[in-house]
Amino acid sequence: MYDYDVAVIGAGHAGTEAALASARMGCKTVLFCLSLDTIANMPCNPCIGGSAKGQLVCEIDALGGEMGRAADATFIQSRMLNRGKGPAVHALRVQSDRAKYHSYMKGVLENQAGLDIKQEEITGIDTAEGRITGLRSRLGNVYRTKSVIICTGTYLGGRIHIGELNYQSGPDNVLPALALTDDLADKGISLRRFKTGTPARVHKRSVDFSAMEIQEGDEPITPFCFDNHFPLENKVKCYVTYTNAETHRVILDNLHRSPLYAGRIEGVGPRYCPSIEDKIVRFKDKERHQLFVEPMGLDTEECYLQGMSSSLPADVQLQFYRTIKGLEHVEIMRPAYAIEYDCIDPLELFATLEFKKIRGLFGAGQFNGTSGYEEAAGQGLVAGINAACYCQGREMLVLDRSSSYIGTLIDDLVTKGCVEPYRMMTSRSEYRLLLRQDNAPERLCDTGRRVGLLPEGKYLLYLDMKRKVEDEIRRIEKTTLKPSDELNRLLEGSGTTPVSTGVRFIELLKRPQTDYKSLAAFDADAPFLSDALINKLEIQIKYKGYIDAQSEKVSQMRKLEEKKLPSDIDYRTVKGLRLEAQEKLNKHRPLNIGQASRISGVNPADITVLLLLLNGKGDSGNLNPIT
């Protein structure tokens with residue numbers, strides 16, 4: 001018999017963050033995985049970040065999580081996406097060394113005080129009076145624990161499909177977890193089948209890179225961690241090539257052999273990351289589709305074909321890959337495959353990621369119906385924090401939509417649910433100008449420190465950075481730049497009006513055509529600021545009007561979030577609520593008016609009834625509890 005505060009099932013990107021968070025907050029923690037060799041594995045593309053995902057990683061870092069640090073330590077190419085657009089959608093993406101990322105994260109876990117790691121399959125959870133009491137394993141071991149976080153990824157009920165072939169397996173042919181599904185179902189937890197896929201890995205020697213477009217990394221490099229101390233260096237090139245009419249013909253001629261179109265796959269796949277066969281069927285008017293050839297690491301010859309996931313048979317895969325420019329003689333090392341797995345309906349969770357039916361049981365990652373390493377890690381971090389808070393009798397953390405993409409992600413899951421794997425996108429947030437990569441520390445470092453995760457040194461660095469930007473904004477508000485031929489040449493060369501009298505530094509900086517560094521050359525008192533601090537300063541000044549407008553909307557939203565709803569009210573007794581609203585509210589159990597307003601089937605008239613109720617002007621049948 002073993003005793004723990006927190007037990008984490010699964011050591012992928014959700015599980016590693018969850019286990020580290022709970023252990024760092026002082027809870028005795030155990031992390032279970034099917035194989036120690038798959039800790040923080042990247043079964044799909046070994047990259048971290050991307051559109052909206054880069055924001056998630058920076059938020060994880062600001063809260064005290066590990067993903068950003070691991071990415072900074074192991075990347076081999078770094079690029080900032082969407083530089084030609086506004087700062088709301090700037091997103092860092094790095095190609096990681098897959099093996100080194102795993103080794104780095106495994107080492108961090110092994111050296112974390114208060115954390116045990118066990119290669120052992122969990123087959124059941126034990127409860128008493130609606131609370132978690134322990135776990136059972138295939139080895140026959142029993143673990144007493146106060147809380148459990150399930151982070152099973154695509155291993156739970158995993159089944160791989162390659163053409164007509166299908167077999168029980170987790171990703172990369174690791175054994176699946178099978179027994180836990182039945183145990184969860186027996187406890188009344190609703191399960192569903194989702195599907196995802198991955199492209200083939202090919203041998204570098206068989207690729208003609210000279211026939212492809214080169215994709216270089218960025219210089220200078222922006223790290224995920226604002227306190228990064230690892231060397232920042234691009235070490236590889238990536239390449240771009242395209243499908244063509246012959247590629248599409250081969251795929252369409254063999255569509256009947258795809259398990260997706262033959263009906264052998266039951267699980268619902270991700271809309272925003274479709275297989276190549278799905279792309280060709282859905283977008284028949286497109287003459288070509290882009291794919292990226294990306295190295296898997298520095299010590300391997302494997303390359304990843306980003307954008308070409310498939311579940312077609314291995315012989316068909318080889319045939320259509322070889323129709324592509326630069327891949328005419330390609331050698332497949334690992335075939336593409338689709339994988340089905342069991343996950344839950346996230347409507348069963350509170351915004352804390354705790355199950356409504358079982359106290360002390362939490363879910364995170366693909367188990368909750370999401371896709372992506374970054375979405376998983378963000379949930380894992382929150383689940384780890386809240387499992388620790390649960391054990392310590394502290395108030396749990398709920399991140400609202402205006403605080404973070406992590407908060408938006410979780411709010412979407414628990415108020416709207418998902419009918420397909422959920423992927424974070426900037427368009428999912430109504431506050432995306434406020435939820436930028438650059439200001440993640442300003443948004444979340446105080447929270448990370450309050451819950452006990454953010455190291456003191458990192459917090460002090462954040463305060464110093466914040467002070468420098470605020471001081472410089474105050475200084476340039478009072479600083480006048482005198483007119484000169486050199487200054488006017490700069491302004492005219494930038495496409496903006498010259499000046500004939502002294503002008504405040506900040507007024508010139510507000511012009512879209514100007515930048516801080518160029519103007520600072522005309523200010524003898526300008527201090528040295530890093531590129532990261534200059535970026536923060538410029539965004540705050542140039543986008544102030546838009547930021548203020550979104551901030552006002554946040555204030556209005558928070559007023560609704562502050563209006564708490566009784567946890568035990570039976571909405572069937574609330575007069576004036578429509579029948580659909582009664583049913584949805586009883587099912588979702590929203591914590592406040594803000595959450596209630598985002599539930600599908602609850603309309604503005606229903607919200608008015610709830611507001612009247614809270615103000616004592618409505619009729620709830622004396623707020624009768626559910627019986």
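Residue indices begin at 1 and follow the sequence shown.
- Under 3.5 Å, the side chains of Asn368 and Thr370 contain no donor-acceptor pair of N or O atoms.
- By the 6.0 Å contact criterion, CD on Glu395 is open, its count of non-hydrogen atoms from other residues, nucleotides or ligands being 12 or less.
- Contact detail for Pro590 and Gln595: the closest heavy-atom pair is CA-OE1, 3.5 Å.
- Under a cutoff of 6.0 Å and an axis angle of 45°, Arg428 and Tyr422 form a cation-pi pair.
- The closest side-chain donor-acceptor pair between Gln95 and Asn45 falls under 3.5 angstrom.
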Under the salt bridge (Lys or Arg N to Asp or Glu O under 4.0 Å) rule, what do Glu216 and Arg79 come out as? Steps first, then yes or no, please. CA-CA 8 Å; Glu216 302 274 5; Arg79 296 177 63 237; over 6 Å; no
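- Taking the side chain to side chain donor-acceptor pair (under 3.5 Å) definition, one finds that Arg598 meets it with Asp411, Glu561, sequence neighbours left out.
- In this structure, the side chain to side chain contact (heavy atoms under 4.5 Å, CB included) partners of Leu34, at least two apart in sequence or on a different chain, are Glu121, Tyr155, Ala177.
- With contacts defined as side-chain heavy-atom distances shorter than 4.5 Å, the pair Ile150/Leu156 does not qualify.
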Take Tyr101 and Met67, measure what side chain to side chain contact (heavy atoms under 4.5 Å, CB included) needs, and give me the verdict at the end. CA-CA 10 Å; Tyr101 189 96; Met67 175 174 267; 3.6 Å; yes
Do any side-chain atoms of residues 82-89 form donor-acceptor pairs under 3.5 angstrom with protein atoms, and if so which ones, sequence neighbours left out?
from  : atom 1 : to    : atom 2 : distance (Å)
Asn82 : ND2    : Val89 : O      : 2.8

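- The local environment of NZ in Lys356 is crowded, with over 12 non-hydrogen atoms from other residues, nucleotides or ligands closer than 6.0 Å.
- Shown here are the salt bridge (charged side-chain N to carboxylate O under 4.0 Å, His left out) partners of Lys510, two or more places apart in sequence or in another chain: Glu507.
- With a 4.5 Å cut-off on side-chain heavy atoms, Thr145 and Tyr2 do not count as touching.
- Ring centroid separation for the pair Phe505 and Tyr516 comes in under the 6.0 Å cut-off.
- For the pair Lys468/Pro527, no side-chain contact is recorded, criterion being any heavy-atom separation below 4.5 Å from C-beta on.
- Side-chain atoms of Asn386 and Glu354 include no donor-acceptor pair closer than 3.5 Å.
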Could you walk me through whether Asp61 and Asp72 pass the side chain to side chain contact (heavy atoms under 4.5 Å, CB included) check? CA-CA 11 Å; Asp61 176 63; Asp72 285 345; over 6 Å; no
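- Residues Leu444 and Leu399 meet the side-chain proximity criterion, which asks for heavy atoms closer than 4.5 Å.
- Lys563 NZ: 12 or fewer foreign heavy atoms inside a 6.0 Å radius.
- Residues Leu565 and Ala596 share a closest heavy-atom pair of CD1-CB, 4.1 Å.
- By the 30° and 60° cut-offs, the orientation of the rings of Phe194 relative to Tyr341 is perpendicular.
- Checked for salt-bridge contact, Glu442 and Lys466 miss the test: no charged N lies under 4.0 Å from a carboxylate O.
- Every residue two or more places apart in sequence or in another chain that forms a salt bridge (charged side-chain N to carboxylate O under 4.0 Å, His left out) with Lys416 is listed here: Asp412.
- Within the 4.5 Å cutoff, no side-chain heavy atoms of Thr74 are placed close to those of Phe230.
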From CA spacing to verdict: side chain to side chain contact (heavy atoms under 4.5 Å, CB included), Ile48, Phe75: CA-CA 9 Å; Ile48 298 293; Phe75 81 90; over 6 Å; no
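- Contact between Ile149 and Ala364 at its shortest, heavy atoms only, is CG2-CB, 4.4 Å.
- In this view, Asp227 and Arg69, Lys458 satisfy the salt bridge (charged side-chain N to carboxylate O under 4.0 Å, His left out) rule, not counting sequence neighbours.
- Screening Val6, Asp116, Leu109 for a side chain to side chain contact (heavy atoms under 4.5 Å, CB included) with Leu31, the sole residue that qualifies is Leu109.
- Not counting sequence neighbours, the partners of Glu66 by the side chain to side chain donor-acceptor pair (under 3.5 Å) test are Arg24, Tyr104.
- The two residues Ser147 and Phe362 make their nearest non-hydrogen contact at CB-CE1, 4.3 Å.
- Under the 4.5 Å side-chain criterion, counting only non-hydrogen atoms from C-beta, Phe32 is in contact with Ile122.
- Among residues two or more places apart in sequence or in another chain, the side chain to side chain contact (heavy atoms under 4.5 Å, CB included) test is passed with Asn111 by none.
- You'll find the side chain of Phe367 reaches within 4.5 Å of the side chain of Leu184, heavy atoms only.
- Atom CD in Glu477 sits 10.5 Å away from atom CD in Glu472 (nearest 0.5 Å).
- In plain terms, the two heavy atoms of Cys418 and Gly369 that are nearest each other are SG-O, 3.6 Å.
- Judged as a side chain to side chain donor-acceptor pair (under 3.5 Å), and not counting sequence neighbours, the contacts of Asp471 are Arg467, Arg474.
- Across Thr29 and Ser22, no two heavy atoms sit closer than the pair OG1-OG, 2.9 Å.
- Inter-residue side-chain proximity for Glu562 and Asn592 is flagged as unmet; no heavy-atom pair is nearer than 4.5 Å.
- Between atom CG of residue Leu381 and atom CD of residue Glu59 there is a gap of 10.5 Å, rounded to the nearest 0.5 Å.
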Passes salt bridge (Lys or Arg N to Asp or Glu O under 4.0 Å), Lys146 versus Asp5? Steps please. CA-CA 5 Å; Lys146 297 175 184 175; Asp5 295 316; 3.3 Å; yes
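- The side chain to side chain contact (heavy atoms under 4.5 Å, CB included) test applied to Lys106 returns Leu36, Ile39, His102, Glu110, not counting sequence neighbours.
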Salt bridge (Lys or Arg N to Asp or Glu O under 4.0 Å) assessment of Asp3 paired with Lys28: CA-CA 8 Å; Asp3 284 285; Lys28 187 179 179 184; over 6 Å; no
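- Within 6.0 Å of atom NZ in Lys517, 12 or fewer heavy atoms from other residues, nucleotides or ligands are found, so the atom counts as exposed in its surroundings.
- In this structure, CG on Leu349 lies 8.5 Å from CG on Leu361, to the nearest 0.5 angstrom.
- Arg131 pairs by the side chain to side chain contact (heavy atoms under 4.5 Å, CB included) definition with Arg359, Tyr390, not counting sequence neighbours.
- Legend: salt bridge (charged side-chain N to carboxylate O under 4.0 Å, His left out) pairs involving residues 360-380, not counting sequence neighbours, sorted by first then second residue: Lys53-Glu374, Lys53-Glu375.
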Before you tell me yes or no, could you show the steps for Leu397 and Arg450 under side chain to side chain contact (heavy atoms under 4.5 Å, CB included), namely the whole-Å CA-CA distance, both residues' side-chain angles and the distance that decides it to 0.1 Å? CA-CA 10 Å; Leu397 174 67; Arg450 175 170 55 82; 3.9 Å; yes
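- Leu63 CG to Asp446 CG: the interatomic distance, rounded to the nearest 0.5 Å, is 10.5 Å.
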